[in-house]
Amino acid sequence: MTLLQSIVMGVIQGLTEFLPVSSSGHLALFKILFHVDTDTGLLFDVLLHVGTLIAVCVVYYKDILRMAAELICIIADCIHNIRAWIGRRRGRHIRYRRIIHNSYRKFVLMILVSTVPTGVIGYVGRDFVEAATEILLIPGICLIITAVLLFVSDFAGDGVKKPRQATFANAFVVGICQGIATLPGISRSGTTITACVLSGFERKFAVKYSFLLSIPAILGALVLELKGAGSIAVSASEVGIYLVGMAIAAAVGYVCIKTMLVIVRRKKFKYFAIYCLAVGVLAIAGHFYLA
């Protein structure tokens, strides 16, 4: 892979991770059409996602710091309650602490609930997803599915749910949708935002939930890739090329997050739906033409 290819793929990742047009689908199409071979499986793709993860952390750093603090407090309160339960069995009266007593704690637990099905689906379907990125037909079909989801999102009513009103069942469903969105061509942001909107989430909160939900998913994918990276030979020059792509993805992704906040509020997904539909049809046609 050349430096130019890395830069182009960084731009593609930054644009398409947060705009609802599927970063994995566009990366797969780019690799297939231009015969790009990273020689490291999904490692470079994951590093590009880390770049966009950095963008999320920059935009939502206040929420992330608060949620991290609340997670530590949740763990501490759980440990206290276990000790209280043991103490009560021994005859001592120790008061239990309430675990969920503010919106941020509810938010943290919802993210954790969503992450479970995403992790299971992502791990079980990992080999299939990697194979699917090499076949032009699958991203094409999945892009058409994304187009349908985006049309649905635009025509759905405006919800009112924020962390206090949302349920853990809502979070679990969104997590399943994010797991399915690991398929190349199905937009992660588009799918999860649509799932949130159909679950009654307020649109601005749906965007925030979707983007913050990407953090554990990307970190989990990175751990899996690094776990198997011991047998992958990466030269110093390749490391530099990979880091450039990651930095480009972070910079472009930051701009796109800000853009998405406006797009979702104004219900402008239909334009991206038309784009996904067109690219999907062209990809399917290209598959049969090149076959």
Side-chain angles (χ1 to χ4, degrees), residues 1-56 58-59 129-130 132-147 149-150 178 181-193 210-211 214 217-218 221-222 225 238 240-260 263 269 271-284 286-287:
M1 182 174 63
T2 67
L3 178 60
L4 179 59
Q5 289 172 336
S6 175
I7 292 173
V8 172
M9 292 174 72
V11 173
I12 292 173
Q13 171 65 23
L15 283 172
T16 58
E17 174 65 22
F18 301 115
L19 298 180
V21 292
S22 177
S23 59
S24 59
H26 280 74
L27 289 174
L29 292 175
F30 181 80
K31 288 180 182 179
I32 293 170
L33 293 175
F34 293 95
H35 307 290
V36 178
D37 187 0
T38 61
D39 297 320
T40 56
L42 293 176
L43 179 60
F44 180 62
D45 288 16
V46 173
L47 289 177
L48 289 179
H49 278 81
V50 171
T52 47
L53 173 63
I54 293 171
V56 173
V58 171
V59 174
V129 170
E130 186 167 354
T133 61
E134 300 174 1
I135 305 171
L136 200 57
L137 178 64
I138 295 179
I141 294 173
C142 289
L143 279 166
I144 292 175
I145 294 173
T146 294
L149 292 174
L150 296 180
Q178 180 173 247
T182 55
L183 286 169
I186 297 185
S187 166
R188 192 206 65 80
S189 61
T191 301
T192 52
I193 290 173
S210 171
F211 291 166
S214 71
I218 293 172
L222 180 62
E225 285 303 313
E238 286 178 321
I241 290 173
Y242 284 14
L243 292 178
V244 169
M246 186 172 71
I248 295 294
V252 177
Y254 175 84
V255 175
C256 288
I257 291 176
K258 296 292 189 179
T259 304
M260 269 295 289
I263 290 171
F269 271 2
Y271 301 113
F272 295 101
I274 294 170
Y275 169 79
C276 288
L277 182 61
V279 175
V281 170
L282 288 174
I284 293 172
H287 169 77

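Note: hydrogens, waters and symmetry copies are ignored here, and every other heavy atom, side chains too, is used.
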Discussion item. Test of understanding: with side chain to side chain contact (heavy atoms under 4.5 Å, CB included), list the residues that count as partners of Leu243, not counting sequence neighbours.
Written reply: Val239, Met246

Discussion item. Among residues at least two apart in sequence or on other chains, which ones pass side-chain hydrogen bond (donor to acceptor under 3.5 Å, both in side chains) with Thr16?
Written reply: none

Would you check if [X] and [Y] make a side-chain contact, meaning some heavy-atom pair closer than 4.5 Å?
X: Val56; Y: Ser214; value: yes
X: Val59; Y: Phe211; value: no
X: Val21; Y: Thr146; value: no
X: Leu277; Y: Leu143; value: no

Item to complete: Give a yes or no on whether the backbone of Ile241 and the side-chain of Ser6 come within a donor-acceptor separation of less than 3.5 Å.
Response: yes

Fill in: Under 3.5 Å: donor-acceptor pair, side chain of Thr192, backbone of Ser189
yes

Discussion item. Distance check, rounded to the nearest 0.5 Å: Phe272 atom CZ versus Leu149 atom CG?
Written reply: 15.0 Å

Fill in: Gap between atom CD1 of Ile274 and atom CG of Leu150 - 0.5 Å precision
10.5 Å

Practice prompt. List the atom of Ile186, the atom of Cys142, and the distance in Å for their closest heavy-atom pair.
Written response: CG1-CB, 3.5 Å

Item to complete: Check ring-ring contact (aromatic ring centres under 6.0 Å, His included) between His26 and all other residues, then give those that pass, not counting sequence neighbours.
Response: Tyr275

